[in-house]
Student: 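First, the structure itself, so that you have it in front of you.
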2 protein chains.
Amino acid sequence: MKPESRKQEIINAASVLFKEKGYSAVTMRDLARAMGIKAASLYNHIQSKQEILSTIIIDLAEEFTTGMDQIATSEETTIQKLENIIALHIDVTLRNADGLASLNNDWMHLEEKNLQYFEKMRHEYEENFSDIIRKGVKEKEIKPYNIDIMVFSTLSTLRTLYLWYPKQGTIDAEILKKDMISVLLKGVI
Amino acid sequence: MKPESRKQEIINAASVLFKEKGYSAVTMRDLARAMGIKAASLYNHIQSKQEILSTIIIDLAEEFTTGMDQIATSEETTIQKLENIIALHIDVTLRNADGLASLNNDWMHLEEKNLQYFEKMRHEYEENFSDIIRKGVKEKEIKPYNIDIMVFSTLSTLRTLYLWYPKQGTIDAEILKKDMISVLLKGVI
DNA sequence: GTCTATAATCAGATAGAC
DNA sequence: GTCTATCTGATTATAGAC
């Protein structure tokens, strides 16, 4: 284990608590207790509770943005792109499942500037996803169902992975990737 | 429109606010403002903020429990049962999308007794779902992928419908049902 | 880097008038 | 059924000692 900065330790502890109760229900006293210090001491390392939230969410959103941009601009087939998107979500989930809870459930508590930045990234991510599916339908790689339903269905499963994966440690990441690709793309029947 | 009780009006207004910001971030003053009255006046109709949350969540959880029990004990094929589960989620979502936000994101703020009751219902729902898939695999109606992945994948899409469906009013409920069944069961490629 | 003490504000909820 | 006024305790954050 590399030595983590005190700030990063606080952010990690906060991610766990935010996942359990949500940003608004976690107090600075709760966070301090989890760190074994007093609430006032937290402010030597972070500027505000809001800073913790925005760090968690914006870092993750930028990871997804970077990953999606690479996938979207590549020269691969639609199906390969979808496989890469699934792999991206699984990789991020394995690395930071706790933080993903805030990304999914507490983004609306970001303040003005970061909220706009986040919503812009999320919108572009969804647009990229839709474009990939649309191109796949056009080129007959994907079935001609409603585009929004296919995007929503796939994305909602990938976005909720953080809730489910930590609960069962038995599945290897590579097997998960393989089975997830099969289930999401080829269905269960 | 049938005349709603003042209590039900409060619960409906609360569902909308809880969906937007989460239970913990919504104050009784916020709720009163949405109703056009003062916070103290709310207490003539409800006992506590907690009572509002538990009413929203428990009513919905019981709807799902009743629906799933009927589906699970029926004599239909696995695929018909899965189609009925998808239809159940779509029906409940059309009727009360706002309340489903609390069911999904704020159940952890239920107090002791209702929390246990909710978790019991949720566990039994997931067990019923798993049993249906498992039987389907055994009888070769369903592909032999990892059971948990298939359950999680389907359920996470259905549980997140409340976020997505209200955002686009163009899709008819019956078409949504049909396409959702296709996408979830037969895949996109 | 952590502490105690405290400021300033806001939370859920109640009492009692109208 | 709604109001004003208020209680009690919790909240984020700061100041300054060690």
Side-chain angles (χ1 to χ4, degrees), chain A residues 1-58 102 105-115, chain B residues 1-58 102 105-115:
Chain A
M1 287 296 177
K2 77 179 78 166
E4 278 178 307
S5 75
R6 205 85 175 103
K7 181 169 179 173
Q8 193 58 50
E9 285 183 63
I10 290 171
I11 288 168
N12 291 345
S15 298
V16 174
L17 294 180
F18 291 169
K19 178 180 178 177
E20 287 169 357
K21 304 203 298 175
Y23 175 73
S24 301
V26 174
T27 70
M28 295 304 274
R29 286 171 180 79
D30 291 336
L31 179 53
R33 198 181 315 120
M35 294 287 297
I37 59 179
K38 295 291 177 183
S41 305
L42 293 169
Y43 289 89
N44 255 296
H45 307 283
I46 51 104
Q47 290 192 341
S48 64
K49 189 186 176 188
Q50 173 68 212
E51 188 203 1
I52 300 174
L53 183 70
S54 58
T55 302
I56 294 171
I57 293 179
I58 299 298
S102 298
N105 302 319
D106 284 318
W107 57 267
M108 72 286 283
H109 298 118
L110 290 172
E111 53 191 22
E112 189 75 359
K113 204 180 157 190
N114 276 320
L115 179 60
Chain B
M1 289 294 179
K2 77 178 79 168
E4 278 179 308
S5 75
R6 204 83 177 104
K7 181 170 180 173
Q8 193 57 50
E9 286 183 61
I10 290 172
I11 288 168
N12 292 345
S15 298
V16 174
L17 295 179
F18 292 169
K19 178 180 179 177
E20 286 168 0
K21 305 204 298 174
Y23 174 73
S24 300
V26 174
T27 70
M28 295 303 275
R29 287 168 178 80
D30 291 335
L31 179 54
R33 197 181 317 120
M35 294 286 298
I37 58 178
K38 296 291 176 183
S41 306
L42 293 169
Y43 290 89
N44 254 294
H45 308 282
I46 51 102
Q47 290 192 342
S48 64
K49 188 185 176 189
Q50 173 67 213
E51 188 204 0
I52 299 174
L53 182 70
S54 58
T55 302
I56 294 170
I57 294 179
I58 299 298
S102 299
N105 302 319
D106 284 319
W107 57 266
M108 73 286 280
H109 299 117
L110 290 171
E111 54 191 19
E112 189 74 0
K113 204 181 158 190
N114 276 320
L115 179 60

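Throughout, a chain's letter reflects where its sequence line sits, starting with A, and its residues are numbered from 1.
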Student: Just the table, please: protein N/O against nucleotides 8-12 of chain D N/O, every pair under 3.5 Å.
Tutor:
unit_1, atom_1, unit_2, atom_2, d
D:dT12, OP1, A:Lys49, NZ, 3.2
D:dT12, OP2, A:Met28, N, 3.0

Student: Heavy-atom count check: over 12 atoms from other residues, nucleotides or ligands less than 6.0 Å from B:Gln8 CD?
Tutor: yes
Student: Starting at CD of B:Glu51 and ending at P of C:dG12, how long is that distance when rounded to a whole Å?
Tutor: 15 Å
Student: Which residue, B:Gln50 or A:Ala40, contacts DNA chain C at a nucleotide closer to its 5' end, judged by nearest heavy atom?
Tutor: A:Ala40
Student: Can you tell me the distance, in whole Å, between the CD atom of A:Gln8 and the P atom of C:dG1?
Tutor: 15 Å
Student: Ignoring hydrogens and angles, tell me if any N or O in the side chain of A:Glu111 forms a donor-acceptor pair with the backbone of A:Gln50 under 3.5 Å.
Tutor: no
Student: Is a donor from one side chain sitting under 3.5 angstrom from an acceptor on the other, for B:Thr27 and B:Asp30?
Tutor: yes
Student: Rounded to the nearest angstrom, tell me the gap between atom CD1 in A:Ile37 and atom P in C:dC3.
Tutor: 6 Å
Student: Please report the closest heavy-atom contact between B:Ala13 and B:Met35, naming both atoms and the distance.
Tutor: CB-SD, 3.8 Å
Student: Which ring-ring contact (aromatic ring centres under 6.0 Å, His included) pairs, counting each pair once, include a residue from residues 26-46 of chain A, with sequence neighbours left out?
Tutor: none
Student: Could you state the interatomic distance from OG1 (B:Thr55) to CD1 (B:Ile46), rounded to the nearest 0.5 Å?
Tutor: 9.0 Å
Student: For the pair made of CD1 in A:Ile46 and P in C:dG1, what is the distance, rounded to whole Å?
Tutor: 13 Å
Student: For B:Ser41 and D:dC3, is the shortest distance between a side-chain N/O and OP1 or OP2 below 4.0 Å?
Tutor: yes
Student: Just the table, please: protein N/O against nucleotides 16-18 of chain D N/O, every pair under 3.5 Å.
Tutor:
none

Student: Please report, rounded to the nearest Å, how far the C1' atom of C:dA13 is from the NZ atom of B:Lys38.
Tutor: 16 Å
Student: Starting at CD of B:Glu111 and ending at P of C:dG12, how long is that distance when rounded to a whole Å?
Tutor: 14 Å
Student: Which residues in residues 11-22 of chain A have at least one heavy atom lying under 4.0 Å from any atom of DNA chain D?
Tutor: none
Student: With side chain to side chain contact (heavy atoms under 4.5 Å, CB included) as the test, would you mind laying out the steps for A:Ile57 and A:Asn114 before giving the verdict?
Tutor: CA-CA 9 Å; A:Ile57 293 179; A:Asn114 276 320; over 6 Å; no
Student: If I compare all heavy atoms of A:Leu53 with all of A:Ser102, which pair ends up nearest, and what's the gap?
Tutor: CD1-CB, 4.2 Å
Student: Side chains of B:Ile56 and B:Asp106: does their closest heavy-atom pair fall under 4.5 Å?
Tutor: no
Student: B:Arg6: which residues meet the salt bridge (charged side-chain N to carboxylate O under 4.0 Å, His left out) condition with it, sequence neighbours left out?
Tutor: B:Glu9
Student: From D:dC3, C:dC3, D:dG1, pick the nucleotide closest to the side chain of B:Arg6?
Tutor: D:dG1
Student: Mind jotting down which residue pairs meet the ring-ring contact (aromatic ring centres under 6.0 Å, His included) criterion with at least one end in residues 10-38 of chain A? Sequence neighbours excluded, please.
Tutor: A:Phe18-A:Tyr23, A:Tyr23-A:His109
